[in-house]
Amino acid sequence: MSRLQLAWLNLSRHRAATVLALFSLGITIACAGMLQRLSELAGQRFSGIVGAGDALIAAKGSSVDALLGLHNAEGPYPRFLPMRLFATLVDEAWYAAGNQSYATSVIPFLYCGKYQSRIHPHRAYRVVGTIGALFDMPQPAPRLAFAEGAWTDLSAGVVLGARVAQREGLRVGDTLRIAHWVSDSMPQGALRPRYFKVAGILEPMGNAWDRLVFTNLVRAQAMVEEALAVAGQQTQWQGLVLNFILVHTAPGGLDSLSTLIDQQTVTQIVPVAETRASLLRITSTGRAIGLAVAMLALFLAGAALVAVMLGRFEGLSRQFAVLEAMGWRRAELRGLLAWEGALLGAGAVITGIALDAALFPAVRGLLSGVL
């Protein structure tokens, strides 16, 4: 009888101990696998942040929330800031000091609605109002190029991000039903949706703006003004509001602009590069901890397997004595234990893979708000 056959007989004869060891090791391996996959998902969560602008002007609050609100198209509905600030920023007399300007590009953004997916009812795409200068931003900025169609400044048209068009199978000329959105507690059915025609589709950028729907600022403000009263929102600026202003600063202009905005307005300056780097540092720390915990779990699984094998070595001393009397050498006995360990380890890996595949979707669903 070969060592492999004898190892299989030994494991099958002690079924209770084998099954207990198999499942305990399998659960450990499954936990390690899920931790590693969650770590990768956490790292990918912010991989699509848009690299645009030097500074972001937003309502006072968390700079990270402001960055994620525009550059990653996520989070709750952002607070408002006055349209007058944008008008002041584009007035060269305000941001020019001598012959030096503080900003070279100023782009407004206003979330006004959501497009509900026709294919996936749980998915909704944000609709943001802006101006045509978005497509002429200086660096740093993503490459916004049209795959089809063009921008529209006045008509009721929208430009789709690449993922929106791809997922929904939309083309230029299609009509979209856009629901008003100015609050996360918008009453259902209180306002009739607006209808927009697809005027253009953007080429893929590989970032969060691929899943946005863009429209012109005039239409966005009209939708926001309609929805403010219905949503119970009151602003001292009526409907003349924005959510964000993206600024490309001139060399040396960020510090001066930051001082001016933070001290003399109700808004704040969010340095895009610094805030993004801080966010990615936090993410990388979490990924490193997740990897360390996963490796520790695998080490514990290996240690448990070694402990089981050593325990079986002590318990099978009489069997080994008989085998030695039959002419088995010490190396062959060690090989028998190695085969038992290999069979038990392979079974634990298969069990762990099965548990990981079965449980990971539920765990990911529970953490969907975080991931």
Side-chain angles (χ1 to χ4, degrees), residues 48 50-53 69-74 77-78 83 86 105 107-137 141-183 186 188-228 230-231 239 241-244 246:
V50 181
L70 179 63
H71 288 70
N72 213 41
E74 67 169 81
Y77 191 87
M83 169 68 77
F86 168 69
S105 173
I107 311 294
F109 293 90
L110 176 62
Y111 285 122
C112 64
K114 286 187 175 181
Y115 167 59
Q116 192 72 35
S117 171
R118 298 174 298 180
I119 301 173
H120 305 282
H122 64 281
R123 181 180 294 161
Y125 304 96
R126 300 185 177 197
V127 181
V128 59
T130 185
I131 59 177
L134 173 72
F135 303 92
D136 299 315
M137 288 188 297
R143 180 178 178 270
L144 286 93
F146 283 92
E148 298 180 51
W151 176 251
T152 173
D153 282 317
L154 296 175
S155 63
V158 292
V159 171
L160 307 180
R163 293 188 71 181
V164 181
Q166 180 182 11
R167 286 175 173 177
E168 303 301 319
L170 296 170
R171 307 289 296 178
V172 171
D174 291 344
T175 300
L176 271 60
R177 183 175 180 268
I178 306 296
H180 296 73
W181 181 51
V182 297
S183 169
M186 285 288 297
Q188 296 293 327
L191 287 170
R192 295 179 62 184
R194 290 286 196 95
Y195 290 89
F196 290 77
K197 284 207 171 204
V198 178
I201 298 174
L202 296 176
E203 291 184 355
M205 294 177 279
N207 57 42
W209 284 3
D210 282 337
R211 59 178 187 269
L212 281 182
V213 178
F214 299 90
T215 188
N216 60 74
L217 190 60
V218 175
R219 299 292 175 178
Q221 284 189 307
M223 290 191 68
V224 168
E225 192 169 1
E226 289 176 354
L228 281 175
V230 174
V241 291
L242 297 172
N243 297 128
F244 305 106
L246 187 63

Taking the side chain as everything from C-beta on, heavy atoms only, tell me whether [X] gets closer than 4.5 Å to [Y].
X: V182; Y: C112; answer: no
X: Q166; Y: P204; answer: no
X: I107; Y: T130; answer: yes
X: V241; Y: M83; answer: no
X: F109; Y: L134; answer: yes
X: S117; Y: E168; answer: yes
X: V158; Y: L176; answer: yes
X: F86; Y: I131; answer: yes

CZ/R194: more than 12 non-hydrogen atoms of other groups inside 6.0 Å: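 Check passes, neighbour count above 12.
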
Enclosure of E203 CD (heavy-atom neighbours >12, cutoff 6.0 Å):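 Yes - once you tally the heavy atoms of other residues, nucleotides and ligands closer than 6.0 Å, there are more than 12.
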
Near-ring test F146/F135, centroid separation under 6.0 angstrom: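 Centroid distance F135-F146: below 6.0 Å, so yes.
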
Minimum heavy-atom distance between [X] and [Y], given as atom pair plus value:
X: W209; Y: A52; result: CH2-CB, 4.1 Å
X: V159; Y: A150; result: CG2-O, 4.0 Å
X: R171; Y: V198; result: O-CB, 3.5 Å
X: V50; Y: A208; result: CG2-N, 4.1 Å
X: V172; Y: A199; result: CG1-O, 4.1 Å
X: G69; Y: Y111; result: O-OH, 2.6 Å

Spacing of L246 atom CG and S105 atom OG [to the nearest 0.5 Å]: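 Spacing of CG (L246) from OG (S105) equals 7.0 Å.
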
Any donor-acceptor N or O pair under 3.5 Å, side chains Y125, Q116: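 Their side chains do not contain a donor-acceptor pair, so the 3.5 Å distance test is not met.
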
Side chain to side chain contact (heavy atoms under 4.5 Å, CB included) between Y115 and L170, intermediate numbers included: CA-CA 12 Å; Y115 167 59; L170 296 170; 4.0 Å; yes

Pairs flagged by salt bridge (Lys or Arg N to Asp or Glu O under 4.0 Å) wherever residues 109-127 is involved - sequence neighbours left out: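 Residue pairs with at least one partner in residues 109-127: there are none.
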
Parallel, tilted or perpendicular: ring planes of W181 versus Y77, cut at 30 and 60 degrees: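 Ring orientation, 0 to 90° scale: perpendicular.
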
Side-chain atoms of residues 210-223: list all donor-acceptor pairs with protein atoms under 3.5 Å, sequence neighbours left out, distances to 0.1 Å.
{"from": "D210", "atom 1": "OD1", "to": "M205", "atom 2": "N", "distance (Å)": "2.9"}
{"from": "D210", "atom 1": "OD2", "to": "M205", "atom 2": "N", "distance (Å)": "3.2"}
{"from": "D210", "atom 1": "OD2", "to": "G206", "atom 2": "N", "distance (Å)": "2.7"}
{"from": "D210", "atom 1": "OD2", "to": "N207", "atom 2": "N", "distance (Å)": "3.4"}
{"from": "R211", "atom 1": "NH2", "to": "N72", "atom 2": "O", "distance (Å)": "2.8"}
{"from": "T215", "atom 1": "OG1", "to": "G157", "atom 2": "O", "distance (Å)": "2.9"}
{"from": "N216", "atom 1": "OD1", "to": "V218", "atom 2": "N", "distance (Å)": "3.3"}
{"from": "N216", "atom 1": "OD1", "to": "R219", "atom 2": "N", "distance (Å)": "2.9"}
{"from": "N216", "atom 1": "ND2", "to": "S155", "atom 2": "O", "distance (Å)": "2.9"}
{"from": "R219", "atom 1": "NE", "to": "L154", "atom 2": "O", "distance (Å)": "2.9"}
{"from": "R219", "atom 1": "NH2", "to": "L154", "atom 2": "O", "distance (Å)": "3.0"}

